[in-house]
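Chain identifiers are assigned alphabetically (A, B, ...) following the order of the sequence lines, protein sequences preceding nucleic acid strands; residue numbering begins at 1 within each chain.
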Amino acid sequence: VAAESGHDEL
Amino acid sequence: MNIFRLGGDMLHVVSIFLLLLKIQTSHSCAGLSLKTQILYMVVFSTRYLDLFFTKPWHSALTFYNTIMKILFLSSSAYTIYLMQKRYKHTYDKVHDTFRIQYLIAAAAVLALIFHLRLTVFEILWAFSVFLESVAILPQLFLLQETGEVENITSHYIFCLGGYRTLYIFNWVWRYFTEHRRNQWLAWGCGTVQTLIYADFFYYYILSRKQGKKLRLP
């Protein structure tokens, strides 16, 4: 899920 | 990963460490807002749902993120436990009266309107970003109510503000090096959040210059 939307930050 | 983001994350860890250090050494949570801590707990638990779906060993970055997410979630829960159970008698309940339900409701409405994709995860993610940008307000409100601010509490807020500021540098960096262009939500909310801290910085630096204890107007 995270990688898909590019949420790779905290 | 760039130096700005790593530095920002480290400041975030330091801020949590300072918070716990303050509570443990003084055996008191006086001057700390439980409401802000609860908001952070809500922020972390709605943003880090991907913990259940992401393999930690997928890459070095996901491993790092996983460790940090667990750290933030557990330290947040522990802080709330300390404030609500062990040092409950020192908690300044009378002054910690910020109505967080309005912040939560506003963040929820904004997340339903503004999100990157129409999925539960994306809406919860957006909600967490909106909520984080205002989560420090009950803490600042409490400090304003009680007047004088303990050194370690101001260091805590200072570190949190530093973390947000470094994240802005991180975004500028990534904008140019990775051409990340679709992160307007995080950028916008992050900037608002940093501005809230900047207001605190102003008074913090003013009090430093005068060599006095910090007092908020």
Side-chain angles (χ1 to χ4, degrees), chain A, chain B residues 1-2 4-6 8-13 43-44 47-56 58-62 64-73 115-126 128-129 132 163-164 166-167 170-171 174 178-183 185-187 190:
Chain A
V1 179
E4 197 186 309
S5 317
H7 302 319
D8 59 356
E9 291 172 349
L10 301 162
Chain B
M1 180 68 74
N2 57 68
F4 302 113
R5 192 194 142 181
L6 187 66
D9 288 344
M10 290 306 119
L11 271 181
H12 196 178
V13 172
V43 166
F44 294 145
R47 187 179 305 167
Y48 298 158
L49 286 170
D50 63 292
L51 272 177
F52 295 107
F53 306 95
T54 308
K55 289 191 187 79
H58 176 74
S59 70
L61 185 63
T62 53
Y64 168 86
N65 279 345
T66 305
I67 299 285
M68 296 297 263
K69 286 170 183 178
I70 292 170
L71 180 74
F72 291 151
L73 277 166
H115 42 257
L116 299 175
R117 281 180 202 188
L118 192 60
T119 65
V120 175
F121 284 102
E122 281 302 315
I123 290 172
L124 282 174
W125 182 85
S128 80
V129 169
E132 189 191 2
Y163 139 64
R164 294 316 308 185
L166 284 177
Y167 253 66
N170 157 57
W171 293 326
R174 295 189 78 175
E178 297 168 31
H179 309 287
R180 275 168 76 92
R181 300 285 148 95
N182 63 340
Q183 298 296 307
L185 226 163
W187 294 344

Visitor: What is the distance from atom NE2 of A:His7 to atom CG of B:Asn65, rounded to the nearest 0.5 Å?
Guide: 12.5 Å
Visitor: State the CD-CG distance between B:Glu178 and A:Asp8, to the nearest 0.5 angstrom.
Guide: 7.0 Å
Visitor: With the side chain counted from C-beta on, respond yes when B:Arg5 and A:Leu10 share a heavy-atom pair under 4.5 Å apart, and no when they do not.
Guide: yes
Visitor: With sequence neighbours excluded, what pairs up with B:Glu132 under the salt bridge (Lys or Arg N to Asp or Glu O under 4.0 Å) test?
Guide: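 Applying salt bridge (Lys or Arg N to Asp or Glu O under 4.0 Å) to B:Glu132 gives B:Arg47, B:Arg164.
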Visitor: Tell me, for B:Tyr48 versus chain A, whether the close heavy atoms (under 4.5 Å) come from the side chain, the backbone, both or neither.
Guide: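 Only the side chain of B:Tyr48 comes within 4.5 Å of chain A.
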Visitor: Just how far is it from atom CG of B:Asn170 to atom CD of A:Glu9, taken to the nearest 0.5 Å?
Guide: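 Here the rounded value is 4.5 Å.
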Visitor: Please look at B:Asp9 and chain A and tell me whether the side chain, the backbone, both or neither of the residue comes under 4.5 angstrom of a heavy atom of that chain.
Guide: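 Side chain of B:Asp9 only, per the 4.5 Å heavy-atom cut-off to chain A.
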